[in-house]
Amino acid sequence: MKIAIVHHPETTPKILAAQRMSEKDKLSSFTCMYGGTGKMHKDNPNRHTIDILQQMGEYYAQIGVPWKPQAYQKAIGTLKKLEVKIDCFEDAIRLPNIGTRIAKKIEEICTTGHLRTLDNALADPTHKTLQLFLRIYGVGLSQAHKWIQAGHKSLDDLLALPDLHKNQRIGIDHYDDFNTRIPRDEVTALGDIVKKVAADINLNVEAIIGGSYRRGADTSGDIDFIITKRNTRSSWDLLSFLETLVARLTCDGFLVAALTVPASSGSKWHGACALPGNPLWRRIDFLVVPETEFGAALLYFTGDDIFNRSIRLLASKKNMRLNQKGLYKDVLRTFGREKLSEGTLVEGGDERKIFDLLGVPWRPPHERICR
DNA sequence: CGGCAAATACTG
DNA sequence: CAGTAT
DNA sequence: GCCG
């Protein structure tokens with residue numbers, strides 16, 4: 001079913017073009033006001049166009065071009081809401097978030113079946129290597145480029161390097177593991193193990209799995225735990241618990257590697273875990289937050305990123321500010337939108353109240369899938 | 001032409 | 001500090 | 001890349 005149509009009964013190109021005129025003054029154009037379930041994929045007539053544009057956007061993201069990936073994402077968002085196929089420049093250009101460049105590409109995709117810019121990019125062997133290296137945990141654009149510059153082409157090339165960082169070696173050793181999606185049932189099973197140990201250590205602790213799992217996804221890239229404890233006002237109050245939890249789970253053989261451990265005032269632990277009897281290593285993160293920040297942390301770590309960006313932008317337009325600790329009001333910014341004051345905290349503990357205070361209708365996690 | 005979200009925290 | 005990750 |  002076409003969820004978007006529930007929110008936007010008028011989705012013909014003509015009407016969307018008309019909507020573009022009124023978008024600027026109204027906050028109602030923020031995607032976080034509507035959300036989405038990301039479940040209207042299969043029967044979209046623009047499915048092929050979307051797929052190609054998606055790859056184009058990903059390509060730009062991979063080579064580190066700023067903003068273009070977001071622009072592609074927005075254009076794709078527009079196409080996803082349509083129930084009619086757009087196959088020419090004239091129709092495409094009328095749509096919101098689609099300008100001359102992408103409109104031309106849409107026409108090319110529909111007339112030739114593919115996009116030469118993308119074909120050329122993907123045919124480049126250097127880019128293939130880049131994609132390979134970027135999927136290594138602990139490797140970003142900078143490092144990947146350096147290695148390519150040095151002539152490295154395979155993971156084996158990298159393993160022979162003497163100055164490989166510890167985490168990068170783990171990332172390569174478990175390259176396939178970390179790049180394998182985790183079935184929802186396994187996330188649940190892994191999560192249950194953590195929750196049981198957590199409860200055993202302290203009954204006042206609440207541990208919930210955020211990220212795509214909380215949004216209802218049937219597979220996840222990793223397991224994101226957000227952990228809080230009653231009557232805590234600083235993450236410092238939870239550090240000893242986190243250390244105990246990690247120690248116990250490591251001792252049990254559940255945690256198999258530590259990638260990032262919290263500093264003295266820290267709140268996050270990143271590593272890997274494995275289900276007993278399952279050889280695959282899974283990426284798992286623990287974030288401890290005080291009860292006073294739980295709602296904001298939950299909001300942030302539930303995402304998705306598009307939803308987060310949208311709701312944060314909405315906050316800033318209302319002279320507020322939203323981060324993983326809370327919602328702040330009376331934030332002063334320059335005309336260039338540079339931040340002058342932090343503002344005062346209005347809510348951090350309750351996810352629903354943050355929605356309320358922002359004037360955003362409550363969206364359960366599975367309706368925050370905006371990509 | 002400038003804005004496009006934002007902050008924290010880790011590694012080396 | 002730059003780079004990376006969330 | 002798109003938008004105002």
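By convention in this document, chain letters (A, B, ...) are assigned in the order of the sequence lines, proteins followed by strands, and residues within each chain are numbered from 1. Reckoned from all heavy atoms, side chains included, excluding hydrogens, waters and symmetry mates.
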Any side-chain N or O of A:Arg321 under 4.0 Å from OP1/OP2 of B:dA7?
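So the side-chain polar atoms of A:Arg321 do come within 4.0 Å of the phosphate oxygens OP1 or OP2 of B:dA7, strictly under.
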OP1, OP2 of D:dG1 versus side-chain N and O of A:Arg101: anything below 4.0 Å?
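Checking D:dG1 against A:Arg101, a side-chain N or O does come within under 4.0 Å of OP1 or OP2.
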Would you mind classifying the nucleic acid contact of [X] as base, sugar-phosphate or nothing, using non-hydrogen atoms under 4.0 angstrom?
X: A:Asp224; result: sugar-phosphate
X: A:Ile136; result: sugar-phosphate
X: A:Ile311; result: nothing
X: A:Thr100; result: sugar-phosphate
X: A:Tyr137; result: sugar-phosphate
X: A:Lys105; result: sugar-phosphate

Measure the spacing between CG of A:Asn204 and OG1 of A:Thr228 and express it to the nearest 0.5 Å.
10.5 Å
Can you tell me how far the CD1 atom of A:Ile226 sits from the CD atom of A:Glu293, to the nearest 0.5 Å?
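So the gap between those two atoms works out to 12.5 Å.
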I need the OH-C1' distance between A:Tyr328 and B:dA6, as an integer number of Å.
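In whole Å, B:dA6 C1' lies 12 Å from A:Tyr328 OH.
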Which whole number of Å gives the distance between the P atom of B:dA6 and that of C:dA5?
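My reading of the P atoms in B:dA6 and C:dA5 gives 22 Å.
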If we take the P atom in both B:dA5 and B:dA9, what is their distance in whole Å?
22 Å
Please work out which of the three classes, parallel, tilted or perpendicular, describes the rings of A:Trp281 and A:Phe178, given edges at 30° and 60°.
tilted
Set of residues satisfying ring-ring contact (aromatic ring centres under 6.0 Å, His included) with respect to A:Tyr300, sequence neighbours excluded:
none
Looking at A:Arg47 and A:Asp51, is there a salt bridge between them, counting it only when a charged N and a carboxylate O are closer than 4.0 Å?
no
Is there side-chain contact between A:Phe225 and A:Ile209, with heavy atoms separated by less than 4.5 Å?
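With C-beta onward as the side chain, the pair touches.
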Please give me the minimum heavy-atom distance between A:Leu159 and A:Arg169, naming the atom from each residue.
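Looks like O-NH1, 3.5 Å.
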Going 5' to 3' along DNA chain C, which are the first and last nucleotides with any atom under 4.0 Å from a heavy atom of chain A?
C:dG3 to C:dT6
So which protein N/O to nucleotides 8-11 of chain B N/O distances come out below 3.5 Å?
from	atom 1	to	atom 2	distance (Å)
B:dC10	OP1	A:Ala263	N	2.8

Proximal nucleotide (of D:dG1, B:dA6, D:dC2) relative to the A:Asn97 side chain:
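Looking only at heavy atoms from C-beta outward on A:Asn97, the closest nucleotide is D:dC2.
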